[in-house]
Amino acid sequence: MNPMDARFRTIIEPFRIKVVEPIPFTDRAERAELLEVAGYNLFNLPSRKVTIDLLTDSGTGAMSVQQWAQMFKGDEAYAGAESWHRLDRTVRDLTGFRFVLPCHQGRAAEKLLFTVLGGTGKVIPNNSHFDTTRAHVEYTGAEARDLPSRATADTQLEDPFKGNMNLEALERLLESEADRVPLVAVTITNNSAGGQPVSMANLKAVRALCDRFKKPLFLDAARFAENAFFVKQREPEYAERSVRAIAEEAFRLADGCWISAKKDGMVNIGGLLAFNDEALHEPLRNLLILNEGFPTYGGLAGRDLEGLAQGLLEVTDEDYLRYRARSVEYLGRGLEEAGVPVLKPFGGHAVYVDARRFLPRMPAHRFPAQAVSAALYLEGGIRSVEIGSLMFGRKDPQTGQEYPAPQELVRLALPRRVYTQAHVDYCIEVGAYLAAHKDEIRGLRIVQEAPILRHFTARLAPVSE
Ligand code: F0G
């Protein structure tokens, strides 16, 4: 319901547009050629050839007037910049953590943390690792173990907190292999499982297990505000609390967090690592200086620190979060009604098309989600990202055998405050066109791939069968 006036249903964008950026239009023949040149990998497309870019919600948002204004105040001093102190205070107020380290983005924080706490023989449990998190854990020789709620197996199951950690599985792991576990991680919202929220009840239960086994709990909190908004909507105990208060409580259940600020930090670049343990501070700070920069800028310009400090204050605005959740839902419902199966319930930052249900006859080794993603570009100039067997499948280096990912999803991520309802209506129309012509979508095979994070650089080609 629109809080402004109960008579009107439309949730209008809670902003007006002050600066515009033209978007490019291309024709189908040009896109067919571009796809071939790109090796059917949408990461290889020049953005000036993408009409609606739903590749990611990471670093692609629009900043507010107030963020731009703050950026002019950026203190670019190498050490002790005022902009840093403002960000440090903002993050400590929000999270309650004692130590805050700035980084250039989320994966830099992951690298620091897992360099110190990971290593051969270790196991890191997480409701679901995102791709870079998994890669950083594995790079240190540790094992990244996903323990998602069982509800994630069924893309159509309407579970309000499908992002939850599987508590029994976590308990079993801690009972049998506690010495190998240096920390427990929970990703809010759970991106790999569909941008699904984690309930406060689940977080509290994870906290209790961490207390019992004396393990630190870290949040991968890239989308902490979207998570808190869903908690307010779906967890009755929290219905009367502000989103900001819910987010504050979630952070205070943990011992630390890392944040890709390119999401709910509302900035184009930035990351944070924050924690309470004094013993971690020195090794992490030293690695920060080695890899990122002095601890009062950490790979960011003073103006970036200002934009982030302001973004962290704006992101818990409930009119903004309501508009955001409603935009995702509008896209999801529209695609579903157009005959495109989508993951339910709708998540916080993206709609995920279930390519396995959409193309049930296409086998995993033909990368159905990547094929749908390529078709969305070919027919509509829309860029999405595959979260399926190209991203998470495995190839046996000896036999060449492909092991598929548990799901074949195509993510349509909405950048923050960028597109309007007309852009979303267009995407729904393209979805309807694909649904009517899905027999023409051809599977793909890999022509070239890298040993880690292959989806970023792989080259593919259509197969004729
Ligand atoms: N954790 C989560 C849950 C993420 O979604 C991401 C990035 C990262 C960590 C890494 O942060 O990109 O700043 O280094 N996700 C982006 C995405 C790339 O498209 O979902 P980063």
Side-chain angles (χ1 to χ4, degrees), residues 41-43 47 50 53-61 101-114 124 126-139 144 146 148 152 162-163 165 183 185-198 218-227 250 254 256-274 288 291-292 298-300 304 307-308 311-312 328 343 347-352 369 373 383-388 390-392 409-416 418 452-453 455-457:
N41 184 337
L42 306 186
F43 283 103
S47 74
V50 177
D53 204 344
L54 307 184
L55 180 71
T56 178
D57 63 323
S58 182
T60 52
L101 301 176
C103 312
H104 80 276
Q105 63 183 85
R107 71 198 69 179
E110 291 166 354
K111 180 181 162 94
L112 301 181
L113 188 67
F114 294 115
I124 314 291
N126 195 326
N127 49 349
S128 297
H129 291 82
F130 195 62
D131 60 352
T132 59
T133 323
R134 168 173 292 281
H136 274 297
V137 167
E138 290 175 352
Y139 193 70
D146 286 346
T152 55
K162 234 173 170 174
M165 174 79 94
L183 68 111
V186 177
T187 304
I188 56 171
T189 56
N190 187 335
N191 188 5
S192 307
Q196 301 291 320
V198 173
F218 271 74
L219 299 179
D220 177 351
R223 299 178 180 87
F224 68 92
E226 289 167 12
N227 200 82
C257 71
W258 69 93
I259 298 183
S260 166
K262 302 170 74 172
K263 285 81 168 175
D264 279 349
M266 307 285 253
V267 286
N268 303 115
I269 195 75
L272 294 162
L273 181 56
L288 180 80
N291 288 284
E292 295 285 290
L300 296 166
D304 297 331
L308 174 53
L312 289 172
V328 172
L343 189 146
H349 65 292
V351 171
Y352 294 65
S373 188
R383 177 154 66 173
S384 53
V385 72
E386 190 251 24
I387 301 193
L390 184 61
M391 184 182 276
F392 284 126
L409 302 175
V410 180
R411 187 184 73 176
L412 301 166
L414 291 179
R416 290 169 181 75
V418 169
I452 46 170
L453 296 172
H455 54 287
F456 285 124
T457 53

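Quick caveat: nothing in here was measured; it's all calculated off a predicted structure. Just so you know, these numbers use all the heavy atoms, side chains as well, and skip hydrogens, waters and symmetry mates. Note that ligands are numbered from 1 as they come in the structure, with each ligand's atoms numbered from 1 the same way.
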To check your reading of the model: name the closest protein heavy atom to [atom], its residue, and the distance in Å.
atom: atom 13 (O) of ligand 1; value: Ser260 OG, 2.6 Å
atom: atom 21 (P) of ligand 1; value: Gln105 NE2, 3.3 Å
atom: atom 16 (C) of ligand 1; value: Lys263 NZ, 3.2 Å
atom: atom 1 (N) of ligand 1; value: Asp220 OD2, 2.7 Å
atom: atom 4 (C) of ligand 1; value: Phe130 CD2, 3.8 Å
atom: atom 8 (C) of ligand 1; value: Thr132 OG1, 3.8 Å

Quiz prompt | Closest approach of Val410 to Ala369 (non-hydrogen atoms, all atoms of both residues) | solution = CG2-O, 3.2 Å

Quiz item: Given Arg107, Glu110, His104, which one has a non-hydrogen atom that is nearest to atom 9 (C) of ligand 1?
Solution: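 Closest candidate by heavy-atom distance is Glu110.
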
Exercise. May I ask you to list the atoms of ligand 1 that are less than 4.0 angstrom from any heavy atom of Thr187?
Key: 3 (C)

Quiz item: Hey, which atoms in ligand 1 end up nearer than 4.0 Å to a heavy atom of Lys262?
Solution: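 The atoms of ligand 1 under 4.0 Å from a heavy atom of Lys262 are 13 (O).
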
Quiz prompt | CA sep, side-chain torsions, deciding dist, call: Thr133, Asp131, side chain to side chain contact (heavy atoms under 4.5 Å, CB included) | solution = CA-CA 5 Å; Thr133 323; Asp131 60 352; over 6 Å; no

Please check if any side-chain donor atom of [X] sits under 3.5 Å from a side-chain acceptor atom of [Y], or the reverse.
X: Glu292; Y: His104; value: yes
X: Thr152; Y: Lys162; value: no
X: Asn190; Y: Ser128; value: yes
X: His349; Y: Asn191; value: yes

Exercise. Would you check whether Asn191 has a nitrogen or oxygen atom less than 3.5 angstrom from a nitrogen or oxygen atom of ligand 1?
Key: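 Checking ligand 1 against Asn191, an N or O pair does fall under 3.5 Å apart.
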
Quiz item: For Thr189, which residues count as a side-chain hydrogen bond (donor to acceptor under 3.5 Å, both in side chains) partner, sequence neighbours excluded?
Solution: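 Scan of Thr189 (side-chain hydrogen bond (donor to acceptor under 3.5 Å, both in side chains), adjacent residues dropped) gives none.
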
